[in-house]
Amino acid sequence: MANNGRRSVKAKKGPTIGTGGHGRKALEGKGPTPKAEDRPYHKAHKNKQLAERSASKRPGAARGSGARSGPKGRATEEVVTGRNSVVEALRAGIPAKALHVAIRIEMDDRVKESLKLAAERGIPLLETGKPELDRMTDDAIHQGLVLQIPPYEYQDAYELAEETVASWKKGHVANAPLFVALDGITDPRNLGAIIRSVSAFSGHGVIVPERRSVGVTASAWKTSAGAAVRVPVARAANLNNTLKAFKNMGIYVLGLDGDGDVSLPDLGLAKEPVCIVVGSEGKGLSRLVRENCDQIVSIPIDSAMESLNASMAVGISLYEVSRQRAAK
């Protein structure tokens, strides 16, 4: 067939009209890269699931905190973290519920000693993954060691005083009842040092208010150097009402303050049943507590020194009471 001298030209392959958007979705991004723990195929995802499963098996476990919460939001359980802190806590004999050790932890002398001390004391050793240790410590630096501290079992202040007075009257207790009450002290190291002094001078207990006051924490245990095992710490629902009840039992309430009614060396009630009340270093005794004291006692110090640390003031006062009781 004739083609009039024209040659047929094949069209080149390429996009046709109306196809410009067909590949647009393929060119779009898939958004930000998910975190490792959110990728089902990643090892971190499996660790996260294991940690959540482990946390769900423990009753009352709370995320985001190394301390468990008790009634009224008060922390009832805490942890000691870090290799130095853990080994020192174990050396001090702090009661422990369990020692958590990171999986494949890098061993050093502190880790070895911690494991040895825990084994000797019968403290359970639990091999725990890093995600769970991070959760327990609220992402604090733990270096693969976490010591779980059980809640301290407080006695009732009134019951402790009543039992002590009864035992003294029956001759079961050699010395007259001797207590220390804290008014507004919030530093656990002060509490630990006070417990240590009470133990050293044959005191019968420490009274702490339920509100706005320090409790027996791991730091207090450590500072007490084990004395918290020997000296009971009792809670008072209301410190002023407790002091009034003490007075009705025949216990004299002595407040420590710089402008006291009587100087410590002239104290005439040392051989009687006594409760020494100490306030915070900054504010001192509160007004109501001061009004409930039988005497306000001051410690003679150099005028250049404004005040003594609360635990130091208690230690000096307890020494003087002990000295007078020992004198014939």
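Side-chain contacts under 4.5 Å among hydrophobic residues (ILVMFWY), followed directly or transitively, place V173 together with W168.
A salt bridge does not link D108 to K112: none of the charged nitrogens lies less than 4.0 Å from a carboxylate oxygen. Of the charged side-chain nitrogens involved, at least one lies within less than 4.0 Å of a carboxylate oxygen, so that K247 and D294 count as a salt-bridged pair. Salt-bridge annotation for R91 and E88: absent, with no side-chain N of the basic residue lying under 4.0 Å from a carboxylate O of the acidic one. Under a 4.0 Å N-O distance rule, the pair E320/R323 qualifies as a salt bridge.
Y252 and F246 have their aromatic ring centers separated by at least 6.0 angstrom.
Put simply, the side chain of L182 reaches to within 4.5 Å of the side chain of V180, judged on heavy atoms. Under the 4.5 Å side-chain criterion, counting only non-hydrogen atoms from C-beta, V253 is in contact with V277.
Side-chain polar atoms of R110 and N84 form a donor-acceptor pair below 3.5 angstrom. Looking at H172 and S167, their side chains never bring a donor and an acceptor atom within 3.5 Å of each other.
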Enumerate donor-acceptor pairs with a distance under 3.5 Å from any side-chain N or O in residues 236-244 to protein atoms, sequence neighbours excluded.
{"residue": "N238", "atom": "OD1", "partner": "N240", "partner atom": "N", "Å": "3.1"}
{"residue": "N238", "atom": "OD1", "partner": "N241", "partner atom": "N", "Å": "3.0"}
{"residue": "N240", "atom": "OD1", "partner": "V289", "partner atom": "N", "Å": "3.2"}
{"residue": "N240", "atom": "OD1", "partner": "N292", "partner atom": "ND2", "Å": "2.9"}
{"residue": "T242", "atom": "OG1", "partner": "N238", "partner atom": "O", "Å": "2.9"}

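Partners of D259 under the salt bridge (Lys or Arg N to Asp or Glu O under 4.0 Å) rule, at least two apart in sequence or in another chain, are R290.
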